[in-house]
Amino acid sequence: MDANDRQNEIMNLLTAQDRVEVEDLARRFGVSLQTVRTDLRDLSARGQLSRVHGGAVRIASAANRGYAERRSLNADSKRAMAALAAEVIPENCSIALNIGTSTEMVARALSSHRGLTVLSNNINIINMMMEDDSKDLILAGGAIRKSDGAIVGEDAVEFFARYKVDFAIIGASALDADGAILDHDAREVSVARAILKNARSRILVCDGTKFERAAPVRICDVADLDVVITDRPVPAEFYRAAEAADTRILWTRENESDENV
């Protein structure tokens with residue numbers, strides 16, 4: 001069981017009970033006490049739990065629990081998409097990532113990449129990479145949305161306008177078959193647009209369940225992207241819109257390097 005699986009299991013336990021103990025978790029996972037403490041430190045840094053002497057307790061905020069729960073949704077698909085994104089992104093380049101559980105997973109998949117300059121409005125991503133001396137980290141300024149660690153608003157938009165990165169990596173809340181890429185929060189969308197506008201190559205990482213969801217605010221269209229990474233074949237209309245714009249669609253099933261057909 002890797003660190004991500006252990007941490008997901010810890011959060012599942014805290015959904016059912018108020019507290020977990022370091023020694024109990026070490027026995028449960030067959031790992032050292034220090035490994036468990038590292039897992040708890042990572043989860044605490046992302047605002048998913050509170051550390052106490054000998055263990056950790058559940059954070060009472062329903063909003064925080066909701067974001068933690070979203071991390072566990074389709075976790076295997078997100079992990080596979082992130083691995084594919086890591087193949088697309090080279091070492092020694094600059095990247096910008098927005099808020100989202102899929103972009104967090106991409107950040108984790110880039111742990112072995114060296115020479116990256118990483119810009120983000122996602123506190124969780126910056127915290128995750130803090131101990132990696134091979135990466136330069138730049139956190140956007142602005143108002144913090146406490147439910148998920150997103151930095152949103154005009155300050156964040158202006159921050160990204162000051163840079164030109166090699167790769168933008170964004171997530172989204174919903175996808176329409178006609179090619180629309182959508183989200184719920186207009187402030188968050190403004191930041192995502194600024195990230196896309198100020199990048200040489202634009203990548204969307206989004207699992208196929210987002211075609212089953214609706215959101216009111218348009219981030220962009222598939223034609224505005226260079227690469228879409230997903231976990232299954234996309235609707236025919238979406239694929240045709242991508243093909244017309246020379247947007248590559250990569251998916252993680254069967255042959256991960258093939259485009260949709």
Side-chain angles (χ1 to χ4, degrees), residues 3-4 7-12 14-15 39-51 56-75 77-79 81-82 85 95-110 118-130 137-157 159-160 168-175 181-196 203-207 209-210 213-220:
N4 188 68
Q7 292 173 16
N8 284 337
E9 182 61 21
I10 290 169
M11 295 311 303
N12 288 338
L14 283 175
T15 300
D39 287 336
L40 296 182
R41 184 182 67 236
D42 290 346
L43 290 166
S44 176
R46 299 200 296 268
Q48 293 180 251
L49 52 74
S50 294
R51 296 175 68 191
V57 296
R58 180 171 59 193
I59 292 176
S61 166
N64 277 330
R65 287 205 304 272
Y67 193 67
E69 289 167 5
R70 290 200 296 277
R71 280 194 179 98
S72 66
L73 291 175
N74 304 311
S77 291
K78 290 175 183 175
R79 195 174 297 110
M81 291 188 298
I95 64 173
L97 304 100
N98 75 335
I99 187 69
T101 57
S102 293
T103 51
E104 283 186 33
M105 197 71 80
V106 172
R108 190 178 296 278
L110 292 171
V118 181
L119 289 71
S120 186
N121 70 322
N122 186 338
I123 288 176
N124 308 302
I125 285 175
I126 299 300
N127 281 334
M128 188 187 306
M129 293 182 163
M130 280 286 288
L137 308 178
I138 307 174
L139 178 64
I144 299 173
R145 189 169 60 195
K146 294 181 180 179
S147 62
D148 57 6
I151 297 175
V152 295
E154 286 306 310
D155 287 341
V157 172
F159 164 84
F160 285 106
I169 304 103
I170 69 163
S173 294
L175 303 174
I181 315 300
L182 305 161
D183 222 308
H184 295 285
D185 188 329
R187 298 174 304 162
E188 183 178 327
V189 166
S190 294
V191 177
R193 289 174 180 166
I195 290 173
L196 293 172
I203 301 171
L204 172 71
V205 180
C206 210
D207 67 80
T209 64
K210 302 299 176 65
R213 302 177 188 175
V217 189
R218 185 189 300 266
I219 300 173
C220 65

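Quantities reported herein were computed from a predicted structural model and do not represent experimental measurements.
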query = Does Thr103 use its side chain to pair, donor to acceptor, with the backbone of Gly171 at less than 3.5 Å?
reply = no

message = I'd like to know if the side chain of Asn127 and the backbone of Asp42 have a donor-acceptor N/O pair within less than 3.5 Å.
response = no

ask   = Just wondering, do Arg213 and Ser173 contact through their side chains at under 4.5 Å, heavy atoms?
value = no

task = Please examine the side chains of Asn8 and Asn4, heavy atoms only from C-beta on, and report whether any two atoms are closer than 4.5 Å.
result = yes

message = Once side chain to side chain contact (heavy atoms under 4.5 Å, CB included) is applied, do any residues pair with Ala3, and if so which ones, sequence neighbours excluded?
response = Arg6, Gln7, Asp39

message = Restricting to non-hydrogen atoms, name the atom on Ala156 and the atom on Val191 that form the minimum distance, rounded to 0.1 Å.
response = CB-CG2, 3.8 Å

ask   = Which heavy-atom pair separates Asp183 from Ala172 by the least distance, and what is that distance?
value = OD2-CA, 3.9 Å

message = A side-chain contact here means heavy atoms from C-beta on lying under 4.5 Å apart; do Leu97 and Ile170 qualify?
response = no

task = Using modelled atom types only, decide if a donor and an acceptor are shared between the side chain of Lys78 and the backbone of Thr101 within a distance under 3.5 Å.
result = no

key: Heavy-atom side-chain contact between Asn124 and Ile99 under 4.5 Å   = yes

message = Would you say that Leu139 contacts Asn121 through its side chain, given a criterion of any heavy-atom pair below 4.5 Å between the two side chains?
response = no

inquiry  = Any salt bridge linking Glu188 with Arg145? Criterion: basic side-chain nitrogen under 4.0 Å from a carboxylate oxygen.
reply    = yes

inquiry  = Would you compute the distance between atom CD1 of Ile203 and atom CD1 of Ile169 and round it to the nearest 0.5 angstrom?
reply    = 5.5 Å

task = Take Asn98 and Ser120, measure what side chain to side chain contact (heavy atoms under 4.5 Å, CB included) needs, and give me the verdict at the end.
result = CA-CA 6 Å; Asn98 75 335; Ser120 186; over 6 Å; no

request  = Indicate yes or no for a side-chain donor-acceptor contact from Arg193 to the backbone of Arg218 under 3.5 Å, with no hydrogens or angles considered.
outcome  = yes

query = Would one find more than 12 heavy atoms of other residues, nucleotides or ligands at under 6.0 Å from atom CD1 of Ile138?
reply = yes

query = Can you tell me how far the SG atom of Cys206 sits from the CG atom of Leu175, to the nearest 0.5 Å?
reply = 4.0 Å

inquiry  = Applying salt bridge (charged side-chain N to carboxylate O under 4.0 Å, His left out), can you list everything that pairs with Arg108, at least two apart in sequence or on another chain?
reply    = none

message = Are the side chains of Ile95 and Leu110 in contact, using a 4.5 Å heavy-atom criterion?
response = yes

key: Residue pair Ile181 / Leu204, side-chain heavy-atom distance below 4.5 Å   = yes

key: Residue pair Leu182 / Ala215: nearest heavy atoms and the distance that separates them   = CD1-O, 3.5 Å

Atom pair CG/CE of Asp207 and Met81 - distance to nearest 0.5 Å = 5.0 Å

request  = For the pair Glu104 and Asn122, evaluate side chain to side chain contact (heavy atoms under 4.5 Å, CB included) and give the outcome as yes or no after the intermediate values.
outcome  = CA-CA 8 Å; Glu104 283 186 33; Asn122 186 338; 3.4 Å; yes

task = Output all residues satisfying ring pair (Phe, Tyr, Trp, His ring centres under 6.0 Å) with Phe159, sequence neighbours left out; order by chain, then residue number.
result = Tyr163

inquiry  = Looking at every heavy atom in both His184 and Val217, which two are closest together, and how far apart are they?
reply    = O-CG2, 3.7 Å

remark   = Correct closest heavy-atom pair for Met129 and Ala107 would be CE-O, 3.4 Å

Nearest-0.5 Å distance that lies between atom NZ in Lys146 and atom CD1 in Ile123 = 10.5 Å

key: Distance, nearest 0.5 Å, that separates CE of Met105 from CD1 of Ile125   = 11.5 Å

Euclidean distance, Leu196 CG relative to Ile219 CD1, rounded to 0.5 Å = 7.5 Å

